[in-house]
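Take a look at the structure below.
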Number of protein chains: 2
Amino acid sequence: MTQRGRPRKFDRSIALRQAMDVFWTQGFDCTSMPDLIGAMKINSPSIYAAFGSKEKLFIEAVELYSVTEGEEIWVRMANEPTARLAIEAMLQASAEAYTRPAKPRGCMIVLGALHTEGGNTAIRRGLQAHRAQCMTTIHSRLELGISDGELAKRLDCRAIATFYLTIQQGMSIQARDGASREALLAVVKYAIVAWDSIISGA
Amino acid sequence: MTQRGRPRKFDRSIALRQAMDVFWTQGFDCTSMPDLIGAMKINSPSIYAAFGSKEKLFIEAVELYSVTEGEEIWVRMANEPTARLAIEAMLQASAEAYTRPAKPRGCMIVLGALHTEGGNTAIRRGLQAHRAQCMTTIHSRLELGISDGELAKRLDCRAIATFYLTIQQGMSIQARDGASREALLAVVKYAIVAWDSIISGA
DNA sequence: ACATTTTTGTATTGATCACTACAAAAAGAG
DNA sequence: CTCTTTTTGTAGTGATCAATACAAAAATGT
């Protein structure tokens, strides 16, 4: 039982990757169907047949981004033995991911759809859920540090997680504004220099 | 020699302020002329007669934002006697400005036009110039700290300024994602706790 | 009064948006 | 071969975009 009908002329996963690059660069709202048609090199009806709608294509592109570009950040974080090293690895991996030579700068999940308040709640909620997941991951690692005995129990893990997440998200803006990888890694350095003061405080 | 012709039925500065609120909330690209017509309560031809175009209206709105919402941040920064207090005041003022009860959250200059790479270079360059001005202001204050003797000469003022600017810009994303004023002030607290470690380092 | 100047509201412009109808094309199934 | 299924490319759909044409309205100037 093979496939009936006329075969596809394009590779669905390649087309999706090209759509991801466009959405990553321009965001959801500033990306038009002609933009996608040009980048994916397939006509509009093929896009709709394969992905359903611009909105569903974006959601699939975000999932692909999450796996191919974002996953490494959290894997590198998870492989570190201490909370401090985990935060450092997360920020360094982010700085590198946001400044890859031939790729769009900054994080697609942070920059992809900031202004869809009124309409497109599905898009907005999807990205917000991803960002909330980042928060949860950082927060959990800090709490693990407490149960490990690395960190004092009195520390406000949620506030500290928010601090480092704020730096990560700020780096997306910096990267989009043209900051070099070295500049972002310097930001990470200062963020980690701060660690001892932060975890010894109230 | 008074004004000839039929008098205006609207107050130009009030209309501009209402346009500012819409652009601040939705960004340049996600704001349509019908959105502006609804908010400013004047018809399309009146908008064009008074402001020239959507693009020029946005630029005027950014200038108004810079004066009415942004200026306080830099004034509070300038009034502090030390670099440390200046940075702290700048971040605290930002946290407050980004979470005012009846106003859009986050910074219009940071969030207003992130995705206008291809077209609208005028819009993009205008906001980038404003962001560069923020960088220069922070950087200059740190260098003043060096000439004052507050900070060691070996410090990399540009990198430290980038660090604190990154935190400020990250707070815009956090605010837009719903972070409370208290949460942002906690971020500021950690950013300032880091100060001693940062200025004592290389 | 009458001409001049400027704004107003209505109605519309061509361009572009996301999306699709449709028929020819290209495969397997019988 | 013919029938069925699916994709293809062309050519559009109505909706909405930013921006205007135009004439009535409302003020001043002489």
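Residue numbers start from 1 in every chain, and the chains themselves are labelled A, B, ... in the order their sequence lines are given, proteins ahead of strands.
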Checklist entry - A:K41: what forms a side-chain hydrogen bond (donor to acceptor under 3.5 Å, both in side chains) with it, not counting sequence neighbours? => result none

Donor-acceptor pairs under 3.5 Å, side chain of residues 136-148 of chain A to any protein atom, not counting sequence neighbours: which ones?
| from | atom 1 | to | atom 2 | distance (Å) |
| --- | --- | --- | --- | --- |
| A:T136 | OG1 | A:A132 | O | 3.0 |
| A:T137 | OG1 | A:Q133 | O | 2.9 |
| A:T137 | OG1 | A:Q133 | NE2 | 3.4 |
| A:H139 | ND1 | A:R158 | NH2 | 3.1 |
| A:S140 | OG | A:T136 | O | 2.8 |
| A:R141 | NH2 | A:P81 | O | 3.3 |
| A:R141 | NH2 | A:T82 | O | 3.4 |
| A:S147 | OG | A:E143 | O | 3.4 |
| A:S147 | OG | A:L144 | O | 3.0 |

Checklist outcome for this item: note: A:L36, atom CG; C:dC19, atom P; distance rounded to Å ~ 10 Å

Checklist entry - Under the salt bridge (charged side-chain N to carboxylate O under 4.0 Å, His left out) test, which residues partner A:D177, sequence neighbours left out? => result B:R131

Item to check | Residue pair A:S180 / A:R105: nearest heavy atoms and the distance that separates them | outcome: CA-NH2, 4.0 Å

Next on the checklist: In whole Å, I'd like the distance from the CD1 atom of B:I47 to the C1' atom of D:dC17.
Outcome noted: 14 Å

Item to check | side-chain contact (heavy atoms from CB on, under 4.5 Å) against B:A152, all qualifying residues, sequence neighbours excluded | outcome: B:R154, B:L155

Checklist entry - So, is B:N43 near the phosphate of C:dT8, with a side-chain N or O under 4.0 Å from OP1 or OP2? => result no

What donor-acceptor contacts under 3.5 angstrom involve side-chain atoms of residues 83-92 of chain A, with partners at least two apart or in another chain?
| from | atom 1 | to | atom 2 | distance (Å) |
| --- | --- | --- | --- | --- |
| A:R84 | NH1 | A:D196 | OD1 | 2.9 |
| A:R84 | NH1 | A:D196 | OD2 | 3.4 |

Checklist entry - With A:R125, which residues qualify under salt bridge (charged side-chain N to carboxylate O under 4.0 Å, His left out), at least two apart? => result none

Next on the checklist: Rounded to whole Å, please give me the gap between CZ in B:F51 and C1' in C:dT7.
Outcome noted: 14 Å

Item to check | Protein-to-nucleotide contact annotation, 5' to 3' order, nucleotides 19-28 of chain D [B base; S sugar-phosphate only; - none; under 4.0 Å, heavy atom] | outcome: BBB--BBBBB

Next on the checklist: Once you apply a heavy-atom cut-off of 4.0 Å, does B:F10 come out as touching a base, just sugar-phosphate, or nothing?
Outcome noted: sugar-phosphate

Checklist entry - Residues from residues 11-20 of chain B sitting under 4.0 Å of DNA chain D, heavy atoms only? => result none

Checklist entry - Between C:dC17 atom P and A:Q26 atom CD, what is the distance in whole Å? => result 11 Å

Checklist outcome for this item: A:D29 atom CG is separated from C:dT16 atom C1', nearest whole Å, by 16 Å

Checklist outcome for this item: Sorted by chain and number, sequence neighbours left out, salt bridge (charged side-chain N to carboxylate O under 4.0 Å, His left out) with B:E96 holds for B:R76

Next on the checklist: So, does A:K9 get its side chain near the phosphate of C:dA26, meaning an N or O under 4.0 Å from OP1 or OP2?
Outcome noted: no

Checklist entry - Just how far, in rounded Å, is P of D:dT6 from CD1 of A:I42? => result 18 Å

Checklist entry - What residues form a side-chain hydrogen bond (donor to acceptor under 3.5 Å, both in side chains) with A:Q18, not counting sequence neighbours? => result none

Checklist entry - Are any of B:S46's side-chain N or O atoms less than 4.0 Å away from OP1 or OP2 of C:dT7? => result no

Checklist outcome for this item: Computed from five pairs at either end and rounded to 10 degrees, the angle between the axes of the helix from C:dA1-D:dT30 to C:dG30-D:dC1 is 10°

Item to check | Whether B:F58 and B:F23 hold their rings parallel, tilted or perpendicular, with breakpoints at 30° and 60° | outcome: perpendicular

Item to check | Which residues share a salt bridge (charged side-chain N to carboxylate O under 4.0 Å, His left out) with A:R181, sequence neighbours left out | outcome: none

